[in-house]
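Sequence lines set the chain letters: A, B, ... in the order given, protein chains first and strands last, and positions in each chain run from 1.
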There are 2 protein chains.
Amino acid sequence: MTREHEGNHAAASETVGEHFDAWHEAGFAENCPVRDVLDRIGDKWSVLILTALAREPKRFSALNRDVGDISKRMLTQTLRSLQRDGLVERTVYPTTPPTVDYRLTELGHSVLEPLTALIGWAEARHDDIRTARHAFDEEAEAA
Amino acid sequence: MTREHEGNHAAASETVGEHFDAWHEAGFAENCPVRDVLDRIGDKWSVLILTALAREPKRFSALNRDVGDISKRMLTQTLRSLQRDGLVERTVYPTTPPTVDYRLTELGHSVLEPLTALIGWAEARHDDIRTARHAFDEEAEAA
DNA sequence: GAGATGCGGTAACGAAATGAGACCATATCT
DNA sequence: AGATATGGTCTCATTTCGTTACCGCATCTC
């Protein structure tokens, strides 16, 4: 029943709003999955690594190359936390030098589904965001 | 055609994999919407603020209370960047003391849809994540 | 056989982001 | 007069991040 923006987004807004209230009452810090999960999703490299692994397992150095400007340090760190959360599986083959590969677990694959939606949104609306950004910056500069 | 985990996630994995390859060829840093968008989505507070505003506009201090343990500093900062990206609209009413409220724009509401999917995933799989986490930690401790 | 290269990382250090808290002007309530 | 609320900003300590150097080992090149 809110008046302002009712595309087809009203339902989602309502749903999310209810979730928020529920977390709020539940104590928030304790059992809020969003904090727990989004902190990881949102740490700048996780999503990129997950998408890089979407189709096939990759070795450490392949990831290092493919993801682009990530440092080994952050790659190691991010992979560890993804592994810890059960999204990624690390396999060592006892060759010399050791070969290590990383692959998505079922849990890891399953998160790609909602992520696809988000990526789709990002691509669809990227222009709108950039437009808004420019407008904002010019307005700020004018002042 | 990958063998390992084929729930219903195969399609998403394939799609995401293709996207990744496309970004990769396109140069990555330049026109990668994910970097651009996910950096914002994933900054620990943005999603929380967006969900807090899902149903109704709120004032600065209401947000400060509702979101919980966010500092005013980060609240201001996050709101500014959401505003800059056109997700949130800031309105000042010339009262004394000034009243300011924040509301989602159409763009802001539209992102709730993919976010809902992600939140749903987080809640559905939260137990799996925590289980994996405990297993990992115990194994690490045993070593 | 000497040096460079690739492997999968770790250690150390400076830079950047973040969090906690004090502070501000104004106005109202007690 | 003093406390409280409003919407922030400023400062400073802690945390996190990114860069670079380095490790042992094996293979490839000269």
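- Using modelled atom types, one finds a donor on one side chain and an acceptor on the other under 3.5 Å when comparing B:D43 with B:S46.
- Pairs of Watson-Crick or G-U wobble type, with distances under 3.5 Å, assemble into runs of 3 or more in DNA chain D at these ranges: C:1-30 with D:1-30.
- In this structure A:T78 satisfies the side chain to side chain donor-acceptor pair (under 3.5 Å) test with no other residue, sequence neighbours excluded.
- One side chain, A:S13 or B:H109, offers a donor N or O that lies under 3.5 Å from an acceptor on the other.
- The nucleotide range of DNA chain D contacted by chain A, defined by atoms under 4.0 angstrom from heavy atoms of the protein and reported 5' to 3', is D:dC17 to D:dA26.
- Residues in residues 71-83 of chain B take part in no salt bridge (Lys or Arg N to Asp or Glu O under 4.0 Å) pair, two or more places apart or across chains.
- For A:R84, the side chain to side chain contact (heavy atoms under 4.5 Å, CB included) partners at least two apart in sequence or on another chain are B:R133, B:F136, B:D137.
- Put simply, A:S61 has a side-chain N or O that comes within less than 4.0 Å of OP1 or OP2 on C:dG8.
- Annotation: salt bridge (Lys or Arg N to Asp or Glu O under 4.0 Å) contacts involving residues 108-123 of chain B, sequence neighbours excluded, are absent.
- Applying the side chain to side chain contact (heavy atoms under 4.5 Å, CB included) criterion to B:A122, with sequence neighbours excluded, gives A:P33, A:V37.
- Residues B:T96 and A:P98 each lie close to DNA chain C; by heavy-atom proximity, the contact nearer the 5' end of the strand is made by A:P98.
- The side chain to side chain donor-acceptor pair (under 3.5 Å) check on B:T99 picks up B:T95, with sequence neighbours excluded.
- Contact annotation: A:R65 side-chain N/O to C:dG8 OP1/OP2 distance is not under 4.0 Å.
- Every residue two or more places apart in sequence or in another chain that forms a salt bridge (Lys or Arg N to Asp or Glu O under 4.0 Å) with B:D128 is listed here: B:R125.
- Residues satisfying the side chain to side chain donor-acceptor pair (under 3.5 Å) criterion with A:T116, sequence neighbours excluded, are absent altogether.
- Here A:T15 pairs with nothing under the side chain to side chain donor-acceptor pair (under 3.5 Å) rule; sequence neighbours left out.
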Between the protein and nucleotides 11-21 of chain C, are there any N/O to N/O pairs under 3.5 Å, and if so, what are the atom names and distances?
{"from": "C:dA12", "atom 1": "N6", "to": "A:R73", "atom 2": "NE", "distance (Å)": "3.3"}
{"from": "C:dG19", "atom 1": "OP1", "to": "B:K44", "atom 2": "NZ", "distance (Å)": "3.2"}
{"from": "C:dG19", "atom 1": "OP2", "to": "B:W45", "atom 2": "NE1", "distance (Å)": "3.1"}
{"from": "C:dG19", "atom 1": "O6", "to": "B:R73", "atom 2": "NE", "distance (Å)": "3.4"}

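- Using a 4.0 Å heavy-atom distance criterion, A:Y93 is classed as making no nucleic acid contact.
- Residue A:R80 has a polar side-chain atom (N or O) positioned under 4.0 Å from OP1 or OP2 of C:dG9.
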